[in-house]
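Presented below is the structure to which this report refers.
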Amino acid sequence: MLKPNSFLVTIGTSDHKRSESTGPRSLALLQVEGANPFYIRHQLGESGDFKLFFGERKDSETVNFNSPVNGTSVTYSVANQKVIVRTDLAGAEPVYYRVSDSTIKLSNRLDNLIETNDQPDWDAIHCYLAFGYTLRETTFLKRIRQTLPNQKMEVSADTLDITTQLSDETTRIPNGETLPENGKKFAEMLSSIMQTYKPMALMMSAGWDSRTLLAPRHSPITAAYTHGDISSRESTIAKKLSGTLRTDHYFKDVKGMVINTDLLDEMLALHGHCLWPIWHLSSKLISDKFFLPITSGVIGARLGGHNGFPTVGSRFQKTFNSLHLISPKIVSKEKIINDIKKSMTAPEQFWFTSEKGQRLFSKTATSITKSLHGTLDNYLETTDDFSFAIEKFNYDHVSRQYMMKQPSMAKPFQGYYSPLSHPDLLKLAYNTPFKQRIQNRLTQSVISELNADLLEFPMAATLAKAKRPIVIQELSRVLRIVFEKTFFKLKRNRPNLGWFNYEHLYTGNFFKTTTDSLKSDIWSKERMIKTIASNQKNGIDAGSTMDMVCKIKTVDYYLTASRKNTENGDAIHDENR
């Protein structure tokens, strides 16, 4: 039985003894299970043809399956016996596929493709636990792959041959426009795109990306929603921002939201992973209260330059490496690449693994590090601009596979809109020189064009208003930090700036019950519980701990699902296979 909100395409014949002389007829069959029409749209033809789109909510009667916008399409023609998969520039909605001698299966959910005794891809699992993504086409399982961004994949239903190429072959050409010119162009394009949408609720912070979506004067955003610590400076500023537009704003204190092991199991059943539980709860709440889809500025990182090389390391290292944009003689390209590779070195040990898990990951650390560095080298070799190569690597991995899972939490409910993922906006962002985008320079210019009032308020972590030059804002951040260290000796007395305050989870049983629910023998429950118990004393916040536990729980789900043979009730995982 298929998982909820999913589809399965089976291509080929059940005849395992295919013969070229007899030429058994191959077909492509589509199955759809519990599909929310706000997430999956499909059409079936009488001849057996079908067209399917999944991703951003589409409200129009027609969908462009041949050039999907903010999602992925799968089409099949009986006449030419071809299944074609097309992903968009963001690639946030991948198709997973497995190839056997007689069939190829495609699905939007990895767990629809699992077969008994599938072998884990330990390199991919190691990479996911360390960095939040799997490398390129890899998944948790060796026999299953995933599509990439901006990819057109053709599958012959007759021969089962697979060919891939770029969906959109538009080349990246850094433009010669000034920052104000690019800001005005982006602002006009964003305003036009926003008017194509129906009413939506904005998942709102006090940051740059939320302000960008809030900025167009004529907007379908009819409500704003902020979850987290409502006493934080972030939430206070967010309230003032929405107040300038008289937008209905709903706040939900995270302490009143039930985050427990049952919720993670519910998410695994609905999504195939349990990352971002707060987004799942919030999406459901918005659906129940407002009957609206959500939107968010998650992918605004591409506009603001957040995926570039100055985002790695400590704040000092980020600032220092940014000097490369003034002169490569101050900070060399080679130094920056070396720093990036150091950050992409896989750890040999984790705090949550058993002795067996430690032996396993100590073996994979070298191979996955080599693969990561080699993949980055390929990006650098195929891209003239090394800074964009680093951005592109981050777009294709952490942005696509990790951050973009936030808005997709709404797919079982009223769906999500992703205006900033529109290909025209992404192309403009890609073609804007990095010097104009770094530290939100272009974002500031766009908001200034659309609604300068939103720049009258500072960021949560800065003292200067957002309209001030970026240098002034960063200096105000330094002054704030110095002030705090001078006048707030005790951590508990420091003001809470950000909204992600999950510290109450340390006093409940969430971490213990979730740890107890794990089934694979590569985890050490005793080590996990002991380490988490000491996290507060060691200054490790509950939010990052929850994030790692959700990754562990997700990996455990697939390790268990891929092993039907059991011994003493526990799944067997042979690290030597």
Side-chain angles (χ1 to χ4, degrees), residues 55-56 70-72 87-96 108-111 121 123-140 145-150 203 205 207 209 264 267-268 270-280 282-283 294 296-308 311-312 340 343-347 350 352 368 371-372 375-376 379 390-411 416 418 420-421 426 500 502 541 543-558:
E56 178 189 71
N70 297 349
T72 299
T87 63
D88 66 354
L89 282 178
E93 296 283 0
V95 166
Y96 301 98
N108 63 320
R109 288 195 53 164
L110 177 64
D111 39 359
D121 185 330
D123 276 15
I125 290 171
H126 192 154
C127 189
Y128 177 79
L129 291 171
F131 305 109
Y133 57 80
T134 59
L135 195 57
R136 299 288 291 171
E137 298 95 342
T138 61
T139 70
F140 297 147
R145 291 290 179 263
Q146 62 175 305
T147 54
L148 300 176
N150 192 27
M203 300 283 276
S205 69
D209 303 333
L264 301 191
M267 292 176 65
L268 286 166
L270 282 176
H271 306 291
H273 69 85
C274 57
L275 295 178
W276 310 110
I278 191 72
W279 281 73
H280 171 87
S282 298
S283 298
I294 69 167
S296 72
V298 170
I299 211 164
R302 307 192 180 197
L303 173 66
H306 308 322
N307 294 122
T311 61
V312 175
I340 298 291
S343 73
M344 291 166 49
T345 298
F350 290 107
F352 44 76
I368 189 58
S371 296
L372 283 164
T375 302
L376 178 60
Y379 277 72
I390 293 169
E391 282 190 283
K392 186 73 166 59
F393 179 93
N394 288 326
Y395 295 158
D396 291 352
H397 292 91
V398 66
S399 176
R400 174 175 75 95
Q401 297 185 43
Y402 181 65
M403 298 305 298
M404 280 301 290
K405 279 187 167 57
Q406 291 180 347
S408 71
M409 290 294 94
K411 61 191 180 188
Y416 69 91
S418 188
L420 293 178
S421 299
L426 288 183
F500 291 119
Y502 296 92
D541 67 282
S544 59
T545 304
M546 177 183 69
D547 183 67
M548 180 55 78
V549 168
C550 290
K551 291 177 190 174
I552 293 168
K553 178 79 170 173
T554 298
V555 170
D556 189 75
Y557 170 77
Y558 286 96

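Sequence positions, counted from 1, serve as the residue numbers for this chain. Values below: all heavy atoms of this structure, side chains included; hydrogens, waters and symmetry mates excluded.
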Give every donor-acceptor pair under 3.5 Å between a side-chain atom in residues 127-134 and any protein atom, sequence neighbours left out.
residue, atom, partner, partner atom, Å
Thr134, OG1, Thr138, O, 2.7
Thr134, OG1, Gln146, NE2, 3.2
Thr134, OG1, Gln401, OE1, 3.2

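The two atoms that bring Glu391 and Gly308 nearest to each other are CG-CA, 3.5 Å, heavy atoms only. When all heavy atoms are compared, the tightest approach of Asn70 to Ser421 is OD1-O, 2.9 Å. Closest approach of Leu426 to Arg302, counting heavy atoms only: CD2-CD, 3.8 Å. The nearest pair of heavy atoms linking Leu268 to Asp111 is O-OD2, 4.3 Å.
Formation of a donor-acceptor pair under 3.5 Å by the His126 side chain with backbone atoms of Pro347 is found in this model.
In this structure, the ring of Trp276 has its center less than 6.0 angstrom from the ring center of Tyr402.
Remark: Lys551 is not positioned above the aromatic ring of Phe352, lacking an NZ or CZ atom under 6.0 angstrom from the ring centre and at most 45 degrees off the axis. Under the 6.0 Å distance and 45° angle rule, Arg145 does not count as a cation-pi partner of Tyr96.
For the atom pair Cys274 SG and Tyr557 OH, the distance stands at 10.5 Å (nearest 0.5 Å). Within the model, atoms OG1 of Thr147 and CD of Glu137 stand 9.5 Å from one another, a figure rounded to the nearest 0.5 Å. Note that CE of Met404 is 4.0 Å distant from OG of Ser418, once rounded to the nearest 0.5 Å. Here the straight-line distance linking atom CG of Asp88 with atom CD of Glu93 works out to 8.5 Å at 0.5 Å rounding. Taken to the nearest 0.5 Å, the NE2 atom of His273 stands 5.0 Å off from the OG atom of Ser408.
Residues passing the salt bridge (Lys or Arg N to Asp or Glu O under 4.0 Å) test with Asp396 are Lys392, sequence neighbours excluded.
Using modelled atom types, one finds no donor on one side chain facing an acceptor on the other under 3.5 Å when comparing Ser544 with Asp547.
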